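Quick notes on the structure that follows.
What's counted below: heavy atoms across the whole structure, side chains too, no hydrogens, waters or symmetry copies. No experiment lies behind these values; they were computed from the predicted model shown. Chain identifiers are assigned alphabetically (A, B, ...) following the order of the sequence lines, protein sequences preceding nucleic acid strands; residue numbering begins at 1 within each chain.
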Number of protein chains: 2
Amino acid sequence: MDKVLIIDDDPKLLKMLERTLTYEGLTVITASNGLEALPLVSSELPDLIILDWLMPKMDGLTFLEKLRDFGNKTMTLMLTARDAVENRVLGLESGADDYLVKPFAPSELVARVHAMLRRVQKEPENQPVAYGGISLDPTTREVLVSGKQIDLTVTEFDLLHLLLRHPRQVLERQQILNEVWGYDFYGNDNVLEVYIGYLRKKLRKGDLDQLIQTVRGVGYVMKEGK
Amino acid sequence: MDKVLIIDDDPKLLKMLERTLTYEGLTVITASNGLEALPLVSSELPDLIILDWLMPKMDGLTFLEKLRDFGNKTMTLMLTARDAVENRVLGLESGADDYLVKPFAPSELVARVHAMLRRVQKEPENQPVAYGGISLDPTTREVLVSGKQIDLTVTEFDLLHLLLRHPRQVLERQQILNEVWGYDFYGNDNVLEVYIGYLRKKLRKGDLDQLIQTVRGVGYVMKEGK
DNA sequence: CCCCATGTTCACAGGATTTTAACAGTAAAA
DNA sequence: TTTTACTGTTAAAATCCTGTGAACATGGGG
């Protein structure tokens, strides 16, 4: 079961968060400030840390810096009362993996938490995958198209890997963006088309570019025929 | 049909909300405070609860705490007066799934309510469905008619999916428009006929176009025979 | 500091899909 | 039978979506 550490100095809010996430079937541990939380991280090894930006003793930012200094890579979700864009930047730069502006609907929190945990859970996908003449080995990062080896950049690789792991299954644009570019991707999602384009061009080397099919209005599928 | 419980101590507002949502085709039950509402939750099993934050006897916040303490997970929409400071944490502390700041436009309320209800309903809809020679798989988006595969656009797909999920059940025009085109569809509802036409034409490929039957003055059904 | 590789954004053409509108057809009501 | 209310069919118009080349941004290495 997934374990979440929540750090917030407001007891009511803490209670609320705890209850909400416990309903969701998560194991919840709490702390009221960063100082108190630090030892819990190493003893409890949570899968996700939710923390407030503003806290006494040790605020969210400082906590994150300390955490990262220790080389800890646990996923973190930052809560912030301010909604300025600069905070988003700050929050992310400080090492938070996502952030949420207060006030937010609990359902939104739950959605984010699940999205993040899903991402964490993703087992070390190290198994080679293959489909329709394309094979990809995550450990060596080698990709063969009709026997020929092709070179892919990281993003291209991740995208192809995702498609190959779900052959014949239509993946929605948002789903792909979430998986490859990270949950909560804001930018112009035309990147996806651009990368599909790159991939097709490279797959053309083995005449397999038609394997990536567009499903207009939905997303893309890796499948033969049609 | 979706059932909504509205809890508010202001009779005028209550009346207004009731009328608005009833007009939207929802079943509405009301209570003027939390104390009164609590038993209704277990007897009526509403799909959604709309409640005011400030109420006599038992306010919204307390009501929600009680509700959650009982382990009840019904969706809740909190109404609140505008107040800069309180709003910061309201969403969170209330434990509501969504909130709306007064004053609000009825259309906004309606939009939220429908969005929430759709969320409640729409969870498990990636199971393949089949009826009378037609099969549809939401994950691959493949549709087979008498064994032959046909290509559908998003709208066609959604419409067919809806019909297949309710075989032999007459779906009203408005109901279909709500599901497929969204609750806020005002356009010329001739689109529905047009799309039924498209679908029938494509189903004709497997000689199953007569499966979509017109129920004059009401809507359409997916059923064999006649 | 500049260059290069990678990643992201922009603009826009060409197509596919969706909507509108007009009218023909058909069942029910008068 | 006539009238009316709905429904089906088409085609054109409006809109939306995707692919593409090129510009722009970033960061690491030389």
Whole angstrom is fine here: how far is it from [atom1] in [X] over to [atom2] in [N]?
{"X": "A/L192", "N": "D/dG19", "atom1": "CG", "atom2": "P", "value": "9 Å"}
{"X": "B/L177", "N": "C/dT19", "atom1": "CG", "atom2": "C1'", "value": "13 Å"}
{"X": "A/Y195", "N": "D/dG21", "atom1": "OH", "atom2": "P", "value": "15 Å"}
{"X": "B/I196", "N": "D/dG8", "atom1": "CD1", "atom2": "P", "value": "8 Å"}
{"X": "B/Q213", "N": "C/dT26", "atom1": "CD", "atom2": "P", "value": "17 Å"}
{"X": "B/L199", "N": "D/dG8", "atom1": "CG", "atom2": "P", "value": "12 Å"}
{"X": "B/R204", "N": "D/dG8", "atom1": "CZ", "atom2": "C1'", "value": "11 Å"}
{"X": "B/K202", "N": "D/dG8", "atom1": "NZ", "atom2": "C1'", "value": "17 Å"}

Between [N] and [X], is there an OP1 or OP2 to side-chain N/O distance shorter than 4.0 Å?
{"X": "B/Y198", "N": "D/dA11", "answer": "no"}
{"X": "A/T214", "N": "D/dC17", "answer": "no"}
{"X": "A/W181", "N": "C/dT8", "answer": "yes"}
{"X": "B/Y220", "N": "D/dG8", "answer": "yes"}
{"X": "B/R173", "N": "D/dT7", "answer": "yes"}
{"X": "A/R200", "N": "D/dG19", "answer": "yes"}

Identify which nucleotide among [options] has an atom closest to any side-chain atom of [X], counting heavy atoms from C-beta outward.
{"X": "A/N190", "options": "D/dT20, D/dT9, C/dT8", "answer": "D/dT20"}
{"X": "B/V194", "options": "C/dA27, C/dG15, C/dT20", "answer": "C/dT20"}
{"X": "B/R216", "options": "D/dG19, C/dA21, C/dA28", "answer": "C/dA28"}

Of the options [options], which is the one that meets [X] in a side chain to side chain contact (heavy atoms under 4.5 Å, CB included)?
{"X": "A/I50", "options": "A/V113, A/T76, A/L14", "value": "A/V113"}
{"X": "A/L51", "options": "A/D8, A/I7, A/L67", "value": "A/I7"}
{"X": "A/L136", "options": "A/L144, A/V143, A/L163, A/V145", "value": "A/V143"}

Query raised in the report: Is the charged tip of A/R141 near the ring of A/F157: under 6.0 Å from the six-membered ring centre and within 45° of its axis?
Result: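 Verdict for A/F157: a cation-pi partner in A/R141.
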Lys/Arg N to Asp/Glu carboxylate O, A/R168 vs B/E142, below 4.0 Å:
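Salt bridge: yes.
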Using a strict threshold of under 4.0 Å (side-chain N to carboxylate O), is an ion pair present between B/R112 and B/D98?
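The answer is yes: the pair qualifies as a salt bridge.
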Q: Determine, stepwise, if the pair A/L159 / A/L199 fulfils side chain to side chain contact (heavy atoms under 4.5 Å, CB included).
A: CA-CA 8 Å; A/L159 178 54; A/L199 229 37; 3.7 Å; yes
Next on the checklist: Side chains of A/N178 and A/Q175: any donor to acceptor distance under 3.5 Å?
Outcome noted: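 Checked: A/Q175/A/N178 side chains show no N/O donor-acceptor pair below 3.5 Å.
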Checklist entry - Taking five pairs at each end of the helix from C/dC1-D/dG30 to C/dA30-D/dT1, what angle separates the two helix axes (nearest 10°)? => result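 Axis-to-axis angle, ends of the helix: 20°.
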Do B/Y195 and B/W181 have their ring centres less than 6.0 Å from each other?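 For B/Y195 and B/W181, the ring centres are under 6.0 Å apart.
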Q) What are the residues of residues 149-164 of chain A, sorted by number, that bring a heavy atom to within less than 4.0 Å of DNA chain C? A)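 Listed by number, they are A/T153, A/V154, A/T155.
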Exercise for the section: Report the residues that fulfil side-chain hydrogen bond (donor to acceptor under 3.5 Å, both in side chains) with A/T214, sequence neighbours left out, ordered by chain and then residue number. Expected result: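 Here the qualifying residues are A/R200.
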